[in-house]
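First up is the structure itself, then whatever we jot down about it.
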Amino acid sequence: MKKISYLFLALILAFVTACGVTPEIQPVPEDLTLPPADGKMDITFTEAALNTANPSVVAATGDAVNVSLVIKKTPESDKPRIMRVFVTDKPNYRGKTDQPLFEIKLKNKDEQTQTIEYTVSPASGKVYIHFDVYDNKEKVTRKTLIVNISADGQIASWPNIVLGAQSNAAGSRVASATGDVYKVCDIDSNMKFIDITYAAVGSPTVKPTFMSNPRRAGLGLGVVVPATNVDCGGSSTGGGTATYFVAAPATVDFATATDAIMGGLTIAATSQDIAIEVGKVYAFQNARNKKGLIRVTAIEAGTGGKVTFDIKVQK
């Protein structure tokens, strides 16, 4: 019976070949849908307003979407190992390639904050950013952020940011793009986002001062985590990118400042630190060429003190 079947198949192939017809081989379509998220880690956005069923933001072409996630091990999961970020034009889909836009190796610790930046390229529609976090057992926990694309440049606003001076237990560094004040052990992996820091410096009079992170060493501030810190003692807190500060023009109203108004500010690349006062407004430009405003609302003086302020910045 097998011989008869083989002979029949050979006759069909001979007939097709004789007629000059080549059988068309249909490619097997690649499955680019998102794999099931079977992990049990606790993942939240640091911006509380995004912790909803369908989190979304608005951004224009060329805007930078910056988002931070707090990643925690739970009793039902292993420690986080790696985060892969996929950007697509539809939900539940990985896009035209299975390769992530970002792949970030995470620290072998139970809790950490990780920030990413995505520059919007489409002119309209929606973009879906899928954050896939794998634990040490390859289980995936997922968060998805929807970006609604606008024709107008957008700004981010962060009220009531508190930074501590060098002897204060509060964090002394913030990323204006996300409003996140970083824990000292999260500084290294998120250093490129940190653009405003605070300390009380100067001689003979100590003054409350905003500065870029690399400027801290030049002003005599320590750049190493104390050895008493059991999680990251001895690690560096120095380096980073330059941010330049000036006093904002008197004609600029912080409350009504827009993307266009901030884009028109003139900020010379000369000073990476500026002494500050309560009630004053200061302008800055970071290494990503985003301009912003800082309104100081309260200062507790001294090296053990703190500053409270509001931020507006271009996306």
Side-chain angles (χ1 to χ4, degrees), residues 35-53 55 57 65-86 100-118 129-145 156 158 160-164 166 168-198 213 222-240 306 311:
D38 54 357
K40 299 294 184 180
M41 282 177 284
D42 180 10
I43 302 178
T44 57
F45 294 107
T46 59
E47 186 178 348
L50 295 180
N51 292 312
T52 62
V57 297
V65 174
N66 293 271
V67 61
S68 297
L69 299 100
V70 178
I71 303 166
K72 297 180 182 178
K73 177 187 179 300
T74 67
E76 295 78 28
S77 76
D78 212 308
K79 290 184 179 181
R81 183 181 66 86
I82 198 166
M83 180 165 71
R84 297 188 175 105
V85 182
F86 298 88
L101 180 66
F102 303 111
E103 182 168 294
I104 302 168
K105 184 178 180 181
L106 301 174
K107 297 177 181 178
N108 186 34
K109 54 188 293 191
D110 290 354
E111 179 179 343
Q112 55 200 288
T113 300
Q114 187 63 55
T115 303
I116 69 99
E117 178 178 274
Y118 162 69
I129 306 178
H130 304 295
F131 303 91
D132 281 11
V133 182
Y134 295 73
D135 67 15
N136 284 327
K137 293 183 178 178
E138 292 301 308
K139 299 293 185 181
V140 181
T141 306
R142 177 177 299 120
K143 281 285 188 181
T144 297
L145 178 68
W158 312 111
N160 300 317
I161 300 295
V162 177
L163 296 183
Q166 55 268 47
N168 190 299
S172 58
R173 298 164 173 86
V174 64
S176 67
T178 61
D180 291 321
V181 176
Y182 288 104
K183 296 178 180 179
V184 69
C185 293
D186 284 326
I187 288 175
D188 53 356
S189 59
N190 296 297
M191 181 63 79
K192 68 178 182 178
F193 300 103
I194 293 170
D195 51 5
I196 301 169
T197 83
Y198 175 72
N213 201 72
V223 293
V224 177
V225 178
T228 52
N229 188 310
V230 296
D231 290 324
C232 61
S235 62
S236 173
T237 60
K306 60 186 178 181
I311 300 174

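Please read all numbers here as calculations on a predicted model, not as lab measurements. Worth knowing before you read on, the calculation uses all heavy atoms, side chains too, and leaves out hydrogens, waters and symmetry mates.
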_side-chain hydrogen bond (donor to acceptor under 3.5 Å, both in side chains), paired with Ser68, selected from Asp186, Asp180, Thr113, Asn190_ = Asp180
*If you draw a 6.0 Å radius around NZ in Lys73, do more than 12 non-hydrogen atoms from other residues or ligands fall strictly inside?*
yes
*Below 4.5 Å, heavy atoms only, C-beta onward: do Phe193 and Thr178 meet side chain to side chain?*
no
*Ser77 versus Lys40, closest heavy-atom pair with distance*: CB-C, 3.8 Å
_Nearest-0.5 Å distance that lies between atom OG in Ser176 and atom CD1 in Ile311_ = 6.0 Å
*For Lys306, does the NZ atom have more than 12 heavy-atom neighbours from other residues, nucleotides or ligands under 6.0 Å away?*
no
*If you measure from CG on Asn51 to CD1 on Ile43, what distance do you get to the nearest 0.5 Å?*
11.0 Å
*Could you state the interatomic distance from OH (Tyr134) to OG1 (Thr141), rounded to the nearest 0.5 Å?*
10.5 Å
_Option passing side-chain contact (heavy atoms from CB on, under 4.5 Å) with Phe45 (candidates Leu50, Val70, Thr52)_ = Leu50
*What residues, two or more places apart in sequence or in another chain, satisfy side chain to side chain contact (heavy atoms under 4.5 Å, CB included) together with Asn136?*
Asp78, Lys79, Arg81, Asn108
*May I ask you to test the Val140-Asp38 pair for a side-chain heavy-atom distance under 4.5 Å?*
yes
*Taking atom NZ of Lys109 as the centre, report whether more than 12 heavy atoms of other residues, nucleotides or ligands fall under 6.0 Å from it.*
yes
_I need the Leu145 CG to His130 NE2 distance, nearest 0.5 Å._
10.5 Å
*Could you tell me which non-hydrogen atom of Ile71 sits nearest to which non-hydrogen atom of Pro80, and how far apart they are?*
CG2-CB, 3.7 Å
_Closest contact, heavy atoms only, Val224 versus Thr237_ = N-OG1, 3.7 Å
*Does the side chain of Val133 come within less than 4.5 Å of Leu106's, by heavy atoms?*
yes
_Electrostatic pair Asp231-Lys107, nearest N-O below 4.0 angstrom_ = no
*Nearest 0.5 Å please: distance from the CD1 atom of Ile129 over to the NZ atom of Lys143.*
14.0 Å
_A side-chain contact here means heavy atoms from C-beta on lying under 4.5 Å apart; do Phe102 and Met83 qualify?_
no
*If you round to the nearest 0.5 Å, how far is CD1 of Ile161 from OH of Tyr198?*
15.0 Å
*Does the side chain of Val67 reach to within under 4.5 Å of the side chain of Ile116, using non-hydrogen atoms?*
yes
*Below 4.5 Å, heavy atoms only, C-beta onward: do Glu111 and Cys185 meet side chain to side chain?*
no
*Flag the pair Ser189 / Gln114 as yes when at least one side-chain heavy-atom distance between them is below 4.5 Å, and no otherwise.*
yes
*Indicate the atoms forming the closest heavy-atom contact of Met191 with Gly239, along with that distance.*
SD-O, 4.0 Å
*asked:* If you apply the rule side-chain contact (heavy atoms from CB on, under 4.5 Å), what do you find for Thr115 with Tyr182, and how did you get there?
replied: CA-CA 10 Å; Thr115 303; Tyr182 288 104; 2.5 Å; yes
*pair Val162-Val181: side-chain heavy atoms closer than 4.5 Å*: no
*Shortest non-hydrogen separation from Arg142 to Pro35 and the atoms involved*: NH2-O, 2.8 Å
_For the student: nearest non-hydrogen atoms of Gly164 and Ser172, plus distance_ = O-CB, 3.2 Å
